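None of the values given here were measured: they were computed from a predicted structure. Lettering follows sequence order; numbering is per chain, from 1.
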Amino acid sequence: MSKDFSFEITHKLEGTHARAGVIHTPHGDIQTPVFIVGGTKATVKALTVEQVKSIGGQAVLANTYHLMLRPGADIVEQAGGLGKFMNWDGPTFTDSGGFQVFSLGVAYKKGIDAVTNSERGQKENAKSSNTQLAKVDEEGVTFRSHIDGTKMRMTPESSMQLQWQIGADVHMAFDECASPLANEGYIRASVARTHAWAIRCKQEHEKIWAEHHAKGKPYQSLWGVVQGARIEDLRRESARFMASQDFDGFGIGGIFEPAEIPETLRWVVEELPEDKPRHLLGMGSQVEDLFLGVEYGMDTFDCIAFTRQARNGGLYTADGRLNIRNAIFKRDFGPIDSNCDCYTCQNYTRAYINHLFRSDEML
RNA sequence: GCAGGGUUAGUGAAGCGGUCAAACACGGCAGACUGUAAAUCUGUUGGCUCAGCCUUCGGGGGUUCGAAUCCCUCACCCUGCA
């Protein structure tokens, strides 16, 4: 069964783990390293697919959990798959829904900061959170829909089935993203569970692939997700384990403080095979983290931070970040970034964007 | 002309004798944003030489230990009746 999916490395940077390459998918090539654009609910918020393309977006990552709730994976399948559904003809990724186990579980109503070591996080963490929408057991996860409270169940097998229905080119294995504040015993048990789930994902994936192949449908790849928090032997063990399972690529999961990224990635990259792509899941809220990730051998990245920041007035320029809502931009009739040739910088002023944000205008 | 009601910080609006520099909302000023429960959330918002002090509740004058709150008066705005 030939798999219409491969990865080739075209360049390496001496003295680092950085490399450039190409991921070949049934929906076209992805030049790496690259940021995969967040399209959680089968839309890149506030952008048309043409706009995503015009700024260099090569691939879009959607979310299994969100699409399962709305509109339903079966509807996406009937529409002809994720790309067809959202009019994106390029490569697509789906996250497994594993992260929502975390964000609807221990991080529920606290935000991710609350489960990191940041000062603000510790303060937030002290707030009581007496309800969680997700509970983990060895077999899988029981959720309550954040939309209407319906009790639902997700397992490695069901995540695979849903992802095949949604039909992205890259699927993530169903994992548990443990809180970095959990005790070591919990984290070790969680990584063991993630490994057991990875085997089940792989088995289910092969089974579905055989069915699809028989019908002449294209391959959809499966990437294993490395966990292990900040514990070196666990991270290395997890990476070795995932490397042994014949996945098409790897996701690196977890929640990091920026300062912890280099060392953690180094542990993982030293254990992973060179010839397969590596995706950093939720790479951080700073643009600089992207460059750090490249240096430490990551090929693809995703993060919702930048689209969210943009929606809330946080804009990046060659000179750094600015908050376009600030009063100093009220009468600034220059472009956001004078060295940028994008549509917005070419046609609109800071004063106008400032006005749109202050007016809650959607443009 | 007569009779009622009203005038509170940038705006709207509570307060009706002390715990009032004055609730709340909006507006303003900033901040946050990690595999998106986020077009969301947080802080702050009279002044100052800032654990205290000063000036504010339409203007002026009273009562009281104490007034945004009670009384008199002036101004303006509404609503009825002539």
### Any strand: nucleotide that pairs with rC33(B) via Watson-Crick or wobble, under 3.5 Å
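Across any shown strand, rC33(B) pairs with none.
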### Query
Does NZ or CZ of Lys53(A) come closer than 6.0 Å to the centre of the six-membered ring of Trp88(A), within 45° of the ring's axis?
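Judged by the rule, Lys53(A) and Trp88(A) form a cation-pi pair.
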### Task
Have a look at Thr307(A) and say if it touches a base, only the backbone sugar-phosphate, or nothing, with a 4.0 Å heavy-atom cut-off.
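If one applies the 4.0 Å heavy-atom cut-off, Thr307(A) turns out to touch a base.
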#### Entry: Counter-base of rA39(B), judged by Watson-Crick or G-U geometry with both distances under 3.5 Å
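Paired with rA39(B), as far as the under-3.5 Å criterion goes, is no nucleotide at all.
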### Query
Looking at rG35(B), rA38(B), rU34(B), which one has an atom nearest to any side-chain atom of Lys41(A)?
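Of all the options, the side chain of Lys41(A) is nearest to rA38(B).
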### Task
Just name whichever nucleotide pairs with rC81(B), Watson-Crick or G-U, keeping both distances under 3.5 Å, else none.
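Base partner found: rG1(B).
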### Task
Name the closest nucleotide to the Thr40(A) side chain, picking from rG35(B), rU36(B), rA38(B).
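Among the listed nucleotides, the one closest to the side chain of Thr40(A) is rU36(B).
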### Query
Which one is paired to rC76(B), where only Watson-Crick or G-U wobble pairs with both distances under 3.5 angstrom count?
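Partner of rC76(B): rG6(B).
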### Task
Whole angstrom is fine here: how far is it from CD in Gln163(A) over to P in rG35(B)?
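After rounding, the gap between these two atoms is 17 Å.
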### Query
Just wondering, more than 12 heavy atoms not from Arg321(A) lying within 6.0 Å of its CZ?
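Counting neighbours around CZ of Arg321(A), more than 12 heavy atoms of other residues, nucleotides or ligands fall under 6.0 Å, so yes.
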#### Entry: Rounded distance in Å - CG (Asp289(A)) to P (rC33(B))
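It is 11 Å, rounded to the nearest whole Å.
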### Query
To the nearest 0.5 Å, what is the distance between CE (Met298(A)) and CZ (Phe291(A))?
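Spacing of CE (Met298(A)) from CZ (Phe291(A)) equals 16.0 Å.
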### Message
At less than 3.5 Å, do the side-chain atoms of Gln309(A) and the base atoms of rG31(B) form a donor-acceptor pair?
### Response
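Donor-acceptor pair under 3.5 Å: no.
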### Query
What distance separates Ile336(A) CD1 from Ile353(A) CD1, expressed to the nearest 0.5 Å?
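That separation rounds to 4.5 Å.
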### Sugar-phosphate, base or nothing in reach of Leu61(A), heavy atoms under 4.0 Å
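Contact class for Leu61(A): sugar-phosphate only.
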### Message
Determine whether a donor-acceptor pair (N or O, by modelled atom type, separation under 3.5 Å) exists between the side chain of Arg240(A) and the backbone of Arg235(A).
### Response
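Between the backbone of Arg235(A) and the side chain of Arg240(A) there is no qualifying donor-acceptor contact (under 3.5 Å).
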### Query
Which sits closer to the 5' end of RNA chain B, Ala173(A) or Glu361(A), going by the nucleotide each is nearest to?
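First, find each residue's nearest nucleotide; the 5'-ward one identifies Ala173(A).
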### Task
Round to the nearest Å and state the distance from Ile255(A) atom CD1 to rG35(B) atom P.
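To the nearest whole Å, that distance equals 7 Å.
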### Message
Measuring only the P atom in each nucleotide, how far is rC50(B) from rC57(B)? A whole number of Å is fine.
### Response
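Taking atom P in both rC50(B) and rC57(B), they lie 26 Å apart.
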#### Entry: Lys202(A) with Asp248(A): basic N within carboxylate O range, under 4.0 Å
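The answer is no: the pair does not qualify as a salt bridge.
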### Message
Pairing check on rG27(B): which nucleotide meets the Watson-Crick or G-U wobble criteria with it, both distances under 3.5 Å?
### Response
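Across all strands, the one nucleotide that pairs with rG27(B) is rU45(B).
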### Message
I need the residues from residues 311-333 of chain A with at least one non-hydrogen atom less than 4.0 Å from RNA chain B; give them sorted by number, or say none.
### Response
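Contacting residues: Arg311(A), Asn312(A), Arg321(A), Asn323(A), Arg325(A), Asn326(A), Ala327(A).
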### Query
If we call it a pair only when both distances are under 3.5 Å in a Watson-Crick or G-U wobble match, what pairs with rG66(B)?
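No nucleotide pairs with rG66(B).
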### Message
Suppose you measure atom C1' in rA68(B) against the same atom in rG1(B); what distance do you get, rounded to whole Å?
### Response
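The same atom, C1', in both gives a distance of 32 Å.
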### Task
With P as the reference atom in both, quote the distance from rA21(B) to rC53(B) in angstrom, rounded to an integer.
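Those two atoms are separated by 11 Å.
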### Query
With sugar-phosphate meaning primed atoms plus P, OP1 and OP2, does Asn63(A) contact a base, only sugar-phosphate, or nothing at under 4.0 Å between heavy atoms?
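Touches sugar-phosphate only.
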### Task
Considering only atom P, compute the distance from rG15(B) to rG6(B) and round it to an integer number of Å.
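Pairwise P distance, rG15(B) against rG6(B), rounds to 11 Å.
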#### Entry: Integer angstrom distance from the C1' of rU45(B) to that of rC24(B)
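That atom pair is separated by 15 Å.
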### From Gln161(A) atom CD to Ile166(A) atom CD1, the distance as rounded to the nearest 0.5 Å
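Answer rounded to 0.5 Å: 12.0 Å.
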### Message
Quick check: on RNA chain B, is the nucleotide nearest Met362(A) upstream (toward 5') of the one nearest Arg358(A), or the reverse? Name the residue that is more 5'.
### Response
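Nearer the 5' end of the strand: Arg358(A).
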### Task
Pick the P atom in rG4(B) and in rC20(B), then give their distance to the nearest Å.
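To the nearest whole Å, 34 Å.
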#### Entry: d(OH, Tyr65(A); P, rA38(B)) in whole Å
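Roughly 9 Å, once rounded to whole Å.
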### Message
Would you compute the distance between atom CZ of Phe7(A) and atom CD of Glu274(A) and round it to the nearest 0.5 angstrom?
### Response
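With rounding to 0.5 Å, CZ (Phe7(A)) is 9.0 Å from CD (Glu274(A)).
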### Query
Does rA14(B) pair with anything, Watson-Crick or G-U wobble, both distances under 3.5 Å, and if so, with which nucleotide?
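rA14(B) is unpaired by these criteria.
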#### Entry: Span that lies between the C1' atom of rC29(B) and that of rG52(B), in whole angstrom
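Rounded to whole Å, the distance is 26 Å.
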### Message
Out of the candidates His24(A), Gln220(A), His27(A), only one should pair with Asp169(A) under the side chain to side chain donor-acceptor pair (under 3.5 Å) rule; please name it.
### Response
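Running side chain to side chain donor-acceptor pair (under 3.5 Å) over His24(A), Gln220(A), His27(A) with Asp169(A) returns exactly one hit, His27(A).
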### Task
Starting at atom CD of Gln100(A), determine the distance to atom P of rG35(B), rounded to an integer number of angstrom.
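Checked: the CD to P distance equals 9 Å.
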### Query
Taking atom CD1 of Ile261(A) and atom CG of Leu292(A), what is their separation to the nearest 0.5 Å?
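Answer for the CD1-CG pair, Ile261(A) versus Leu292(A), is 6.0 Å.
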### Message
Using the P atom as the point on both nucleotides, what is the distance between rA67(B) and rG61(B), in whole Å?
### Response
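Their P atoms lie roughly 14 Å apart.
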### Message
Expressed as a whole number of angstroms, how long is the span from Phe306(A):CZ to rU34(B):P?
### Response
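Going from CZ in Phe306(A) over to P in rU34(B) covers 10 Å.
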### Task
Name the pairing partner of rU56(B), where a pair is Watson-Crick or G-U wobble with both distances under 3.5 Å, or state none.
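Partner of rU56(B): none found under 3.5 Å.
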### Query
To the nearest angstrom, how far is Arg230(A) atom CZ from rU34(B) atom C1'?
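Interatomic distance, CZ of Arg230(A) to C1' of rU34(B): 12 Å.
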### Task
In whole angstrom, give the distance that lies between atom CZ of Phe357(A) and atom C1' of rC41(B).
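To the nearest whole Å, that distance equals 16 Å.
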### Task
Classify the nucleic acid contact of His279(A) as base, sugar-phosphate or nothing, counting any heavy atom under 4.0 Å across all strands shown.
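Answer is nothing: His279(A) stays at 4.0 Å or more from every strand.
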